[in-house]
Protein chains: 2
Amino acid sequence: MGTVNAAAPRPMRSDAQRNYDRILEVASAAFAEKGVLTSLDDIACRAGVGPGTLYRHFPSRDCLIAAALGESLGRLDALAGRLKASDDPGAALDEWLLAVANHLRTYDNLPESIAEAFRTEDSPLRASCRPLTETTSLLVRRAKEAGAIRADVEPLDIFALVSSVAWASQRRGDSDAGLRRMLALATTGIR
Amino acid sequence: MGTVNAAAPRPMRSDAQRNYDRILEVASAAFAEKGVLTSLDDIACRAGVGPGTLYRHFPSRDCLIAAALGESLGRLDALAGRLKASDDPGAALDEWLLAVANHLRTYDNLPESIAEAFRTEDSPLRASCRPLTETTSLLVRRAKEAGAIRADVEPLDIFALVSSVAWASQRRGDSDAGLRRMLALATTGIR
DNA sequence: ACCTGAACACCGTTCAAGT
DNA sequence: ACCTGAACACCGTTCAAGT
C-alpha cells in the first residue's frame, strides 16, 4: 500500500519485498514515536535486518521518510480531488492549508527535514511535496480569481507560511485547535 | 564583553579565563560559519583545549550558544530602551519584532535550538530570551492601549509567530528584504 | 540479486590522572 | 582549582564476504 512510484520497473525478489515492507513498517512506527531523526541503525535492528539492507532499499533518510509519508499523502491527494471541485475557492483554500499543515506535523521534526529538502534539487522528500505545492498553486489561483485573497501573494510564500506555522505549533506541542488558531492568525495577511 | 551574568561570584584563575575567552571566541566564529549544531569537539580542538575543558566552562551546548549571543543581546537591549520611550507604540512594536526576528536568525539552526529550549524549564538559552519576551510583552501592551493591534492576541503567540517567520526565512535563505516581507505578511493578522 | 555484519569515521560526554 | 586526553557509547555509512 502506498508505494510512491506506482510504476515499479520490475518486481522484487520475495525476501527483498518482505524486508522492504518490514523496514517501512518499523520506520513508520519509530518516526511516529521518536520523530524523523531517530536512529536508522535502531530501525534496521528492530526490523531484523542489517544496516546495509536498510541502505539498499532506502539510500537516504529522506527516502525512508518520503516512503513512510505515503498514507498521509494519499489522504491529501483524495482531499485535493474534492477541493478542486469545490465552488467556494476561499473555503477550499482554508481547508487545504490546514490539511497541509497537519501533514507537515505528521512526525516530529518533519517540517525541518522538508524545509531542508527544499534546498536540494533532487531530494525524494522534496519530490513527495510536489503534489502539495501544485495543488496549493491551483487553489491559490482560484481563490485569487474569486477575489477571496490578495492578488500579489505567491503560492510559495503561502507554502512557507504554512510550513512555519506547522513548525512552530509542533515545537510548542499545540493541540489541533492551537494549530487552527495560529494558522488563522498567520494567514490573515493573505486576504 | 557581554558576560551574561554581570555579577560573577568570584574571579577565574587567569589561565581558566584565557581558556573561557578563547573557547567563546572560537565558538562564535564556528556558529557563524556552520550553525549552532557544529561539532563541539571541533570547537575545543580549534581553541586548543581538551573537550573536558569546554564542558567545564559550558556544561551544555545551550550554555555556549547563550554566551555567544551576548553581543546580539546587548544590541537588542539598547534598542529596547529606545523603543520603550517611543511615542508611536505601533511602529515601535513593528521595529522590535523585526529586530527579534533578526536576532533569532543570528546563527543557522538557532530558531530550532531556542524553540527546543522553551520546552525545558531551566535552559540557559531560554533564560537568555527572558529580556526579549518581557520587552515584547510590554510593547504589545502599549500597542494594544494605543489601539494599534487587536486586544485578543497574546504576547507569547506573537513571539511564536516571529520565531516561525525567522525559522522559515532562514531555511529559505531569505535576504533581509525577504524577512521583512514575510514578517509583514504573517503579522497582518494581529492588527 | 540480495543480505550480512564487521569496519571505519565521527561525535558527545565522562572521569581518572595529572599540574 | 583547573586541565588533559583516554575511554566509552552511539550513530551513519560503506563494503567485502557470503548465500
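Chain identifiers are assigned alphabetically (A, B, ...) following the order of the sequence lines, protein sequences preceding nucleic acid strands; residue numbering begins at 1 within each chain.
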Side chains of Asp21(A) and Glu25(A) in contact at under 4.5 Å (non-hydrogen atoms):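 The answer is no; the side chains never approach within 4.5 Å.
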
[X] [atom1] to [N] [atom2], straight-line distance once rounded to whole Å:
X        : N       : atom1 : atom2 : result
Asp21(A) : dC3(C)  : CG    : P     : 12 Å
Leu64(A) : dT13(D) : CG    : P     : 12 Å
Leu54(A) : dT14(D) : CG    : P     : 12 Å
Arg61(A) : dT14(D) : CZ    : C1'   : 17 Å
Arg22(A) : dT4(C)  : CZ    : C1'   : 17 Å
Tyr20(B) : dA1(D)  : OH    : C1'   : 17 Å

Opposite nucleotide pairing with dT13(D), Watson-Crick or G-U, both atom distances under 3.5 Å: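 Across all strands, the one nucleotide that pairs with dT13(D) is dA7(C).
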
Watson-Crick or G-U wobble mate for dA1(C), both contacts under 3.5 Å: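 dT19(D) - that is the nucleotide pairing with dA1(C), both distances being under 3.5 Å.
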
Basic-acidic side-chain contact under 4.0 Å: Arg180(B), Asp94(B): no

Salt-bridge contact Arg22(B)-Asp15(B) (side-chain N to carboxylate O under 4.0 Å):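 No, Arg22(B) and Asp15(B) are not salt-bridged.
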
Ring geometry between Phe118(B) and Phe159(B) (parallel below 30°, tilted from 30 to 60°, perpendicular above 60°): tilted

Members of residues 36-47 of chain B that approach DNA chain C, where some heavy atom sits under 4.0 Å away: Thr38(B), Ser39(B), Leu40(B), Asp41(B)

From [options], pick the nucleotide closest to the side chain of [X]?
X        : options                 : result
Ala16(B) : dC2(D), dT13(D), dT4(C) : dC2(D)
Thr53(A) : dT4(C), dG5(C), dA6(D)  : dT4(C)
Asp15(B) : dC3(C), dT14(C), dC3(D) : dC3(D)
Tyr55(B) : dG12(C), dC3(D), dG5(C) : dG12(C)

Pairwise 5' ranking along DNA chain D for Ser60(A) and Val49(B), keeping only the more 5' one: Val49(B)

Asn19(B) side chain near dC3(D) phosphate (N/O to OP1/OP2, under 4.0 Å):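 For dC3(D), OP1 or OP2 has a side-chain N or O of Asn19(B) closer than 4.0 Å.
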
His57(A) side-chain N/O to dC2(C) phosphate OP1/OP2 under 4.0 Å: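 The answer is no; no side-chain N or O of His57(A) sits under 4.0 Å from OP1 or OP2.
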
For Ile43(B) against Phe31(B), the heavy-atom pair lying closest together: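 Scanning both residues completely, I find the closest heavy atoms to be CD1-CE2, 4.0 Å.
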
Residue Arg181(B) excluded, over 12 heavy atoms near CZ under 6.0 Å: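 Not buried by this count: 12 neighbours or fewer within 6.0 Å.
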
Positive for side chain to side chain contact (heavy atoms under 4.5 Å, CB included) with Leu183(A), one of Asn102(A), Thr188(A), Val162(A):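 Option passing the side chain to side chain contact (heavy atoms under 4.5 Å, CB included) with Leu183(A): Val162(A).
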
